[in-house]
Amino acid sequence: MAFPGMGGMGMGGYPSAGAGVDPQQAQEQQMIKYMQAAMEACPTKTVMAGTMGFGLGGLFGVFMSSMRYDTPMSAGMPGGVGTISDLPVREQLKRGFKDMGRSAWGSAKNFGYIGAVFSGTECAIEGLRAKNDLANGVAAGCLTGGWLAKGGGPQAVAVGCAGFAAFSAAIDAYMRMPQDDKAADPII
């Protein structure tokens, strides 16, 4: 198989032993190249972004669920309980943790889906254009926003595209700003 960076290698993909390189070091270098190639592949980036989005979304869901205040549970309905504060403490905790779990699961799925779609789209665009610039993130944001809003009709797709593209442009522009703070760089 041909991986990037394998040109000029000896038999088996390793530098020849006569080049003055220890065979174990050569094998370690080759393994590093394989891992770097795998980390730069679009499927790996997509899975990693989806997984990280899932984890972040779960934490976000737990946090947002814990910030909710006492809401009425079927208040005013026949046979309704009233408010959650009318229940015993054990039942309040049970329902609160169930709600927290539902909220965390829902947020985790959404964040994971959005992260995977955006990352996969951006990586594919970057591969097609063979450039790493701000336009990749903006185009991926537009496609992702449009895809997420596809069920709402053409106007929703346009608004989703514009909104996600603007957000992607702002974040990408901020992340690409030159850093002048020498204290933030651990290697001086």
Side-chain angles (χ1 to χ4, degrees), residues 1-9 13-15 26-65 67 102-188:
M1 290 193 346
F3 284 100
M6 284 188 60
M9 297 302 235
Y14 302 110
Q27 186 177 8
E28 288 172 1
Q29 292 299 318
Q30 193 62 34
M31 189 55 94
I32 289 170
K33 286 181 184 181
Y34 285 147
M35 288 193 298
Q36 286 175 340
M39 293 301 289
E40 292 173 4
C42 287
T44 306
K45 286 182 178 181
T46 302
V47 169
M48 285 179 52
T51 303
M52 296 303 285
F54 187 86
L56 180 66
L59 292 174
F60 183 75
V62 167
F63 175 74
M64 293 306 290
S65 177
M67 290 298 173
R102 276 193 303 269
S103 177
W105 181 251
S107 290
K109 288 191 305 185
N110 289 334
F111 275 58
Y113 180 70
I114 291 169
V117 169
F118 178 80
S119 178
T121 306
E122 184 182 33
C123 187
I125 291 171
E126 186 177 321
L128 287 172
R129 293 185 65 228
K131 290 182 183 179
N132 184 357
D133 59 4
L134 188 68
N136 295 340
V138 173
C142 179
L143 290 171
T144 302
W147 178 259
L148 293 173
K150 70 184 181 295
Q155 187 176 4
V157 169
V159 170
C161 171
F164 222 100
F167 182 74
S168 298
I171 296 297
D172 212 5
Y174 177 77
M175 295 301 287
R176 290 176 185 267
M177 283 180 16
Q179 189 173 2
D180 296 331
D181 187 12
K182 298 255 187 226
D185 189 10
I187 302 172
I188 297 177

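Position 1 is the first residue of the sequence, and the numbers go up from there. Only this structure's heavy atoms are used, side chains among them; waters, hydrogens and symmetry mates stay out.
- The shortest non-hydrogen separation linking C42 to A124 is SG-N, 3.8 Å.
- To the nearest 0.5 angstrom, T144 atom OG1 is 12.0 Å from F167 atom CZ.
- A donor-acceptor contact shorter than 3.5 Å is absent between the side chain of S168 and the backbone of V138.
- The CE atom of M175 sits 10.5 Å away from the CE atom of M177 when rounded to the nearest 0.5 Å.
- Here the closest non-hydrogen pair linking S107 and G57 is CB-O, 3.1 Å.
- Heavy atoms only, all atoms of each residue included: A41 and C123 are closest at C-SG, 4.5 Å.
- Between Y113 and F118 the shortest side-chain heavy-atom distance does not fall below 4.5 Å.
- Note that CZ of F63 is 11.5 Å distant from OG of S103, once rounded to the nearest 0.5 Å.
- One distance of note links CG of L143 with CG of L148; it measures 11.0 Å at 0.5 Å rounding.
- The heavy-atom pair separating T46 from A116 by the smallest distance is CG2-O, 3.5 Å.
- Judged purely by atom type and a 3.5 angstrom limit, N136 uses its side chain to pair as donor or acceptor with the backbone of K131.
- Of all heavy-atom pairs between G137 and E122, the closest is CA-OE2, 3.7 Å.
- In this structure a side-chain-to-backbone donor-acceptor pair under 3.5 Å is missing from S65 to G61.
- Looking at F164 and I114, their side chains come closer than 4.5 Å, going by heavy atoms from C-beta outward.
- Ring geometry for F54 versus W105: interplanar angle over 60°, hence perpendicular rather than tilted (30 to 60°).
- Smallest separation of non-hydrogen atoms from A38 and T44: O-OG1, 2.8 Å.
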